[in-house]
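Side-chain atoms are counted along with the backbone in the values below, which use heavy atoms only and exclude waters and symmetry mates.
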Amino acid sequence: MNRIVIVVFAIVLIVPVTALAQTRSRTTKRSAPAATKPSAQQTAEAKTTGATKIAEQIKNLTRFVYLLGGVAKGIEQVDEAAKKNEASPAALQQNEQNKATVKTSLRNVREGLDQLEIYFRGTHGLEDYYLKLAGSASGAATAEDQAAAGHFDQSGRTMLGVVNRLTDVLLEMR
């Protein structure tokens, strides 16, 4: 019995342990294709598309700010009349609807600017402009907060700042 144990022990020492281990087949992984740099034409097209998107936002925002001026003035007048108990229930109801519409519109503007920032951040050729564009949506969020607090006139002024930022980016892109 001692001889068997010694023979088995000797065989175990002679046979390399790695031969007994389970092996897996070795395959080389194909590397992912290298990211190709966009061509000059693709960059120019992206720049044109980005500039068009900014121009559309500027048009929408200037129209919105123009309309907001009149609505904000009407809201303030009805609020003043309500403080003096001179406003009719219908005027008060219409005023509340106007406030809700302005708040909803500002939320939509902010979401549109968020999408614009995301587009610029994720599009080759527009990343540099994204740095100048970043913050537009937060400006709209500030305007949204101001409107929620009842400061509609200040909200409009904040939106003018956003329009100025967009215009600066558009000028940079030309």
(message) Quick one, Y129 with I54, criterion side chain to side chain contact (heavy atoms under 4.5 Å, CB included). Give me CA distance, side-chain angles, the key distance, then yes/no.
(response) CA-CA 11 Å; Y129 302 111; I54 289 177; over 6 Å; no
(request) For F64 and L106, run side chain to side chain contact (heavy atoms under 4.5 Å, CB included): C-alpha distance rounded to whole Å, both residues' side-chain angles, the deciding distance at 0.1 Å, then the answer. (result) CA-CA 9 Å; F64 174 76; L106 280 168; 3.5 Å; yes
(request) Give the intermediate values and the outcome of side chain to side chain contact (heavy atoms under 4.5 Å, CB included) for residues V109 and L61. (result) CA-CA 8 Å; V109 165; L61 290 177; 3.2 Å; yes
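Pairing each heavy atom of G50 with each of Y119, the nearest pair is CA-CE2, 4.2 Å. Nearest heavy atom pair, residue H124 against residue E127, reads CA-OE2, 3.2 Å. The two residues G139 and T158 come nearest to each other via the heavy atoms O-CG2, 3.4 Å. Across A82 and L92, no two heavy atoms sit closer than the pair CB-CD2, 3.5 Å. A pairwise comparison of heavy atoms in S155 and A143 identifies OG-O, 2.9 Å as the closest pair. Contact detail for A140 and L113: the closest heavy-atom pair is CB-CD1, 3.7 Å.
By the 4.0 Å N-to-carboxylate-O rule, E96 lies close enough to K99 to be salt-bridged with it. Ion pairing between a basic and an acidic side chain is recognised when a charged N comes within 4.0 Å of a carboxylate O; R110 and D114 show such pairing.
Residues V102 and V65 are members of one and the same hydrophobic cluster, defined by side-chain heavy-atom contacts under 4.5 angstrom among Ile, Leu, Val, Met, Phe, Trp and Tyr. Taken together through direct or relayed side-chain contacts under 4.5 Å among Ile, Leu, Val, Met, Phe, Trp and Tyr, L126 and I118 form parts of separate hydrophobic clusters.
Using a 4.5 Å heavy-atom threshold, the side chains of E76 and D79 count as separate.
Looking only at distances, no side-chain donor or acceptor of E117 sits under 3.5 Å from a matching main-chain atom of Y130. A distance-only check finds no donor-acceptor pair linking the side chain of N95 to the backbone of A91 [under 3.5 Å].
Q97 CD: more than 12 foreign heavy atoms inside a 6.0 Å radius.
Here the CG-NE2 distance, from D145 to H151, works out to 11.0 Å after rounding to the nearest 0.5 Å. Here the CG atom belonging to L133 is positioned 12.5 Å from the CG atom belonging to D128, to the nearest 0.5 angstrom. Atom CD of E80 is separated from atom NZ of K83 by 5.0 Å, given to the nearest 0.5 angstrom. Of the inter-residue distances, the one linking L131 atom CG with R121 atom CZ reads 11.0 Å to the nearest 0.5 angstrom. Put simply, CD on Q154 and OG1 on T142 are 10.5 Å apart, with the number rounded to the nearest 0.5 Å. The distance from atom CE of M159 to atom OG1 of T62, rounded to the nearest 0.5 Å, is 10.5 Å.
Donor-acceptor pairing under 3.5 Å is recorded for the side chains of Q94 and N98. At a cut-off of 3.5 Å, with distance as the only test, no side-chain donor of Q115 or E111 sits close to an acceptor on the other residue.
Counting only residues at least two apart or in different chains, side-chain hydrogen bond (donor to acceptor under 3.5 Å, both in side chains) contacts with residues 163-174 are absent.
Applying the side-chain contact (heavy atoms from CB on, under 4.5 Å) test between L166 and each of K132, Q57, K53 identifies Q57 as the sole match. Shown are V169, V162, L116, V163; of these, the side-chain contact (heavy atoms from CB on, under 4.5 Å) with S136 is made only by V162.
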